[in-house]
Every structure is written in C-alpha cells, then in structure tokens.
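Following: one structure in structure tokens, then a few remarks.
In listed order, ligands and their atoms are each counted from 1. When reading the values below, keep in mind they use all heavy atoms of this one structure, side chains included, and skip hydrogens, waters and symmetry mates.
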Amino acid sequence: MKTETHTLSQRDKKHLWHPLTQHKLAGDMLAIVRAKGALLYDEAGKEYIDGISSWYTSVYGHCNEFITSKVAAQMQQLDQVVFSGFTHEPAVALSEALIKILPNNQEKLFFSDNGSTATEVGIKMALQYHHNLGNDRKVLLAFEEGFHGDTFGAMSVSGLSVYNGAFEDHFLKVLRLPVPTGENNAEVLLKLQNFITEENIAGFIYEPLVQGAAGMKMYDAKGLNDLLKLCRENQILTIADEVMTGFGKTGKNFASELLEVQPDIICMSKALTAGLLPMAVTSCSSEVYNAFYSEEISKGLFHGHTYTANPLACSAALAAIELLNSAAMQEHIQRNIASHQVFAGKLNRHPKVKNMRQLGVIFAFELDVEMQRYGDLRNRLFAHFIKNGVYLRPLGNTIYISAPYITTNEQLQKIYTSIELALEKF
Ligand SMILES: *Cc1c(COP(=O)(O)O)cnc(C)c1O
C-alpha cells in the first residue's frame, strides 16, 4: 500500500488517535512493518532492538514460531465461542497449566481482556466478597504512585494522578500508603494500623516489589510482607497486580514467589499471551471463590466480556507457559540477569547514574542531570535511542530495560552501548 508520497506515518495522521498522546505536541508515529525475535523493523527497513518487549508482552520474542504455529492450528479448529454456558479445551488446558505455576493457594481463574480489566475484576472480587459475607467494607487501599490501568476502578486505585483530573470526582474511595523502602517500614506499618482502626478496608491492591509505570521503582520485600500480614490478620483481601511482573520478569514466574505471604487474588495480562493477543486472568483462592458460591444467584460474579477466554488467546497463553517452563527459556532468563549484573558493575560509580536497581531481567536507573538544562530530556533520550536502533522508553529521567528473554548477548551489548552513549551525550 505504500506509495512514494504517502508513507504509513503520513497516512496515520488522517484518522488515527493514539494512546497516551497529545497529538498537537507529538511528532510522527514510527511505522513498524515487521517484527522477529527481539527486533522491530520500520517501513524504511531500519531495525530496532525492542528493549521493553513491547510493553513487557513479547518476552519470548516476536513472531515466535512455536506460539504462532499453535495459534494457527487452533484457528482451524475453534475460533471463538461464548464462555458463559460453554467451555473449551484451550481454556481448560490453560487453567491446568496456570494453576501449576501460580502460588499454591490460587485455585480459580476468571478471564478478561487486558490488564485494566484484570485489576477491575480483582477490585470487584474484593468488594463483593465482603458484600456477600455481609461485611460493611467499601474502602480500598493502594500505594502512592501505583499503576493499575485506565478504566474507572483501575484509575481510582492508581496513584499516578497527573492524567486523571477530569475523572477524579467519580473515583472509588481509596486510602494510600507510601511504598516501604526499608527505612520507613515502621512508619508505613503504623499508618496502615491507623487506617484499620478508622476505616473498613475491603482490599489492598499492589504491584509486588516493582512499580512499573512509576519508573520501575523497586521497594522492600520485608516491608511489603509486614503489610500483607497485617492485611490478612484483619480480613483485608490482598490483590497482587502482576500484570507487569508476571511470567519470569523477576527471575521467578511471579514476583509473589519472592514474598512470604501469598495474595488472595492475582491479576495477570501482558506476557500472559506473549504479545500475540489481548487477554487477562484474575486468579483467586478457594476462600474468595466460596464467598460467591451460593444458592442465591445475586451472590455470583456478574461480570463478563464478549471475548472472555477466547480460544486463540488461550492457545497462545498455553504455548507461552510451555516455553516459560522450558529449561532453555529459564537459561535465557538467567543469562539476561547475569548480563545486566555485569553492566550494572560497569555503571556502578558513574557520576550521572543514580538509584541503579535490578530485579530479574528488569534493570533501571535515573540519569542524574539537570532537567532544566535539557528541557525535554525524556523525548531527547527517546530520540537518541531510536537513532541508535534501540527501542527504550524512558519515563522522565528513568532509563530502564526489560528486553525479551531471547535477546542475544550482542543485542544486549548494543542496548548497553546506546545507554553509555546517552551518558556521554546528556
Ligand atoms: C500495564 C499495566 C496495567 C494495565 O494493563 P492494560 O492491558 O494496559 O490495560 C495494569 N497494571 C499494571 C501493573 C500494568 O503494568
């Protein structure tokens, strides 16, 4: 379809409205025509290393043949069917595979379409759990700077409020805690104790150990354990939002495995389907499920999307979990972790590198330069990486890597070199 005068980027401008974009200030969208492994190719043929796995989805590499062949076969067999009143092999097989890798207390899975709906369902489970039990608990608890999605419930519990101005009057009631850093653990715990005496809290939603959208902010496991324990003791349901951290990114299948207290509810999406199709799962314990299991119809969870448990998405997820479980993929994950550690050693004393941190394959630091001097620093950094054939998406002055597990050592090196060049240039 490409003509000499109209590139995809140009045709795009006529009718398309992009996410998270102020079009009056944004430049042209980069047109990607192909992807393979860790690489994206634009319409001029230039290649980019996908240093953030296309928003943490394509962790086994783009157009992975094992996954695409399974989905292609499923496409010939059963494309879509209503999941209320019907079931099918891909959903059943996926439930069996997921339960095997989820924390032990997880027993039931509820499907939806994306990360926001996964957390929305988690929030509804927590609120209705207490409603069904006759408890008067309507308040939610969340971390400052957390991010849980863009629908109303998810926005309400998200702490990054810069974009929420037009909607704030319509939010759920949410109490906020700072993340425990190690130093402030006692203070944060005391704050929760005070909340508990004053308010009737239904559930606590948190991104376990890493706050993605806040800039890959990592926080203290012991502090989180103490909060989760106190929640348990006070019948506050705990909802782990593992939409970003799930499926190997922290070195474990789920970040919750790095904690002592297991959550009541877990939200998953992003890498669940390996970047192939949108889908999400909210899992829960028997205890949560049993509060809905009743002769009264109205105690059921009356939530359902048209594409719930789409067979193609389920077959993608099933193939993805098979890959994740393979020794080869676990070796890739360990190789990425070790590689980042070597790079971290190199940057360790760099005067412009601040708050360097790593958990699993996620590596991040802040570029310590005067923001005023560079004005639009984030956009200039982004342009620098793109020019160097690396797709990184800095958040403010935070530079982070969360590349596909199959990224080769040479490709990782190219990412590191582009970062070292940025350190020289800015
Ligand atoms: C991306 C993300 C979401 C929202 O997922 P969408 O699929 O974009 O709706 C929710 N929680 C976390 C932790 C995320 O990283």
Return all side-chain donor-acceptor pairs below 3.5 angstrom for residues 84-98, not counting sequence neighbours, or 'none' if the list is empty.
from	atom 1	to	atom 2	distance (Å)
H88	ND1	A91	N	3.3
H88	NE2	A309	O	2.9
S95	OG	V92	O	2.6

Residues pairing under side chain to side chain donor-acceptor pair (under 3.5 Å) where one sits in residues 220-239, two or more places apart or in two chains, turn out to be N185-D220, K222-D226, R232-D264, T238-D264
| field | Donor-acceptor side-chain pairing of D50 and S54 below 3.5 angstrom | value | yes
query: Cut-off 3.5 Å, side chains only: do Q106 and S283 have a donor facing an acceptor?
result: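 Yes - a donor-acceptor pair under 3.5 Å links their side chains.
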Within the 4.0 Å heavy-atom cut-off around ligand 1, the contacting residues, ordered by chain and number, are N114, G115, S116, F147, H148, G149, E207, D241, V243, M244, K270
Please output the side-chain donor-acceptor pairs of residues 27-37 that fall under 3.5 Å, not counting sequence neighbours, one pair per line with the distance.
from	atom 1	to	atom 2	distance (Å)
D28	OD1	K13	NZ	2.7
K36	NZ	C63	O	2.9
K36	NZ	E65	OE2	3.1

- Is the charged tip of R393 near the ring of Y391: under 6.0 Å from the six-membered ring centre and within 45° of its axis?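 Because its charged atom misses either the 6.0 Å distance or the 45° angle limit, R393 does not stack over Y391.
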